[in-house]
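Okay, so here's the structure we're looking at.
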Amino acid sequence: MTDEEKYKLALFMVVRNSKVMPVGLSLGKSMTDINKKSIETCETIVKSIDFEAARKDYENGKQACNNSKRN
């Protein structure tokens with residue numbers, strides 16, 4: 001499994017487990033419906049991101065994390 005696949009699945013799981021599933025279960029939705037809505041939500045998220053700004057924020061956080069590990 002590639003890192004890209006892992007990140008894609010991680011996004012799916014976070015969206016599904018934290019946002020979509022609680023609402024879906026309370027509405028009596030099936031896991032198929034919950035998974036479908038989770039994919040749709042992930043696609044909407046990806047379309048809405050400014051990836052250049054996100055890259056800068058990610059690198060900033062990664063650098064801060066690495067710096068704290070050294071100290």
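In what follows, residues are counted from 1 in the order of the sequence shown. The structure presented is a predicted model; accordingly, all values stated were derived computationally and were not measured.
- Of all heavy-atom pairs between Leu11 and Cys42, the closest is CG-SG, 3.8 Å.
- Enclosure of atom CD in Glu5 by more than 12 non-hydrogen atoms of other residues, nucleotides or ligands within 6.0 angstrom is indicated.
- Across Asn17 and Pro22, no two heavy atoms sit closer than the pair O-CD, 3.6 Å.
- At a threshold of 4.5 Å between non-hydrogen side-chain atoms, the residues Asp33 and Leu27 do not count as touching.
- Residues Phe12 and Val20 do not share a hydrophobic cluster, defined by chaining ILVMFWY side chains whose heavy atoms lie under 4.5 Å apart.
- Taking CD1 of Ile49 as the start and OG1 of Thr44 as the end, the distance is 11.0 Å to the nearest 0.5 Å.
- The neighbour count for Glu59 CD, taken as heavy atoms of other residues, nucleotides or ligands under 6.0 Å away, is above 12.
- Looking at heavy atoms from C-beta onward, Met31 lies in side-chain contact with Arg16 at the 4.5 angstrom threshold.
- At a threshold of 4.0 Å, the pair Glu40-Lys36 counts as salt-bridged, since one of the basic side-chain nitrogens sits closer than that to a carboxylate oxygen.
- Looking only at side-chain heavy atoms (C-beta outward), Val23 and Lys37 stay at 4.5 Å or farther from each other.
- Clustering ILVMFWY residues whenever any of their side-chain heavy atoms sit less than 4.5 angstrom apart, transitively, puts Val46 in a cluster other than the one holding Val14.
- Between the NZ atom of Lys29 and the CG atom of Asn35 there is a distance of 13.5 Å, given to the nearest 0.5 Å.
- Here CZ of Phe51 is found 12.5 Å from CG of Asp57. Values are rounded to the nearest 0.5 Å.
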